[in-house]
Trainee: 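Sharing a structure below in structure tokens format, with a few things to ask.
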Amino acid sequence: MSDPFQSSTDAVSAPARRALAVTPHDTNPLTDIPKALYVGTGGAITMRGVDGTADQLWKNVAAGAILPFRAQYIRATGTTAADLLALY
């Protein structure tokens, strides 16, 4: 299969090239910092950004939302959204 964008430079603003399931955890950071997060089942998400100093609670995040947020932590406590994917 031909990929006309194969030689394009990857950037935060470029479309994701892979996705990995996220299991929220209260102390473990994500393995890699994603470009964005996809929310499969809506709810609340407690997370901290790559340069953040405190967790933030994102309320009423809709199912199907793509959050352009570079999260370092996705906490289990306070997170009710499910089927989260980290987009890289």
Side-chain angles (χ1 to χ4, degrees):
M1 175 184 319
S2 173
D3 181 0
F5 302 102
Q6 182 177 5
S7 62
S8 297
T9 302
D10 195 22
V12 171
S13 60
R17 299 166 63 109
R18 63 187 173 102
L20 294 175
V22 172
T23 302
H25 193 278
D26 282 335
T27 57
N28 292 345
L30 297 176
T31 304
D32 297 310
I33 305 299
K35 292 181 180 189
L37 298 169
Y38 169 80
V39 181
T41 303
I45 306 173
T46 301
M47 55 187 166
R48 182 180 298 186
V50 67
D51 292 325
T53 57
D55 292 347
Q56 300 295 313
L57 176 62
W58 296 45
K59 298 180 181 180
N60 302 315
V61 179
I66 295 178
L67 304 175
F69 185 71
R70 301 192 63 225
Q72 183 173 11
Y73 292 90
I74 307 291
R75 307 293 189 187
T77 301
T79 296
T80 59
D83 305 312
L84 304 173
L85 295 176
L87 305 178
Y88 300 96

Trainee: For L37 and A71, work out which heavy atoms get closest and say how close.
Mentor: CD1-CB, 4.1 Å

Trainee: For a quick check under 3.5 Å, do T46 and D55 share a side-chain donor-acceptor pair by atom type?
Mentor: no

Trainee: Write down the atom of R75, the atom of Y73, and the distance for their closest heavy-atom approach.
Mentor: NH1-CD2, 3.2 Å

Trainee: Rounded to the nearest 0.5 Å, what separates atom CD1 in I45 from atom CD in Q56?
Mentor: 13.0 Å

Trainee: Looking at L57 and A44, what are the two nearest heavy atoms and their distance?
Mentor: CD1-CB, 3.9 Å

Trainee: Quick check: does any side chain N or O of Y88 sit under 3.5 Å from a backbone N or O of D32, one acting as donor and the other as acceptor?
Mentor: yes

Trainee: Show the nearest heavy-atom pair for residues A16 and L87, with the distance to one decimal.
Mentor: CB-CB, 3.7 Å

Trainee: For the side chain to side chain contact (heavy atoms under 4.5 Å, CB included) test, which of V50, V22, T23, L20 pairs with L30?
Mentor: V22

Trainee: Do L84 and F69 sit in the same hydrophobic cluster, where Ile, Leu, Val, Met, Phe, Trp and Tyr count as joined when their side-chain heavy atoms come under 4.5 Å apart?
Mentor: yes

Trainee: Which heavy atom in R70 sits nearest to a heavy atom in K35, and how many Å separate them?
Mentor: CG-O, 4.0 Å

Trainee: Could you tell me which non-hydrogen atom of I66 sits nearest to which non-hydrogen atom of A36, and how far apart they are?
Mentor: CG2-CB, 4.0 Å

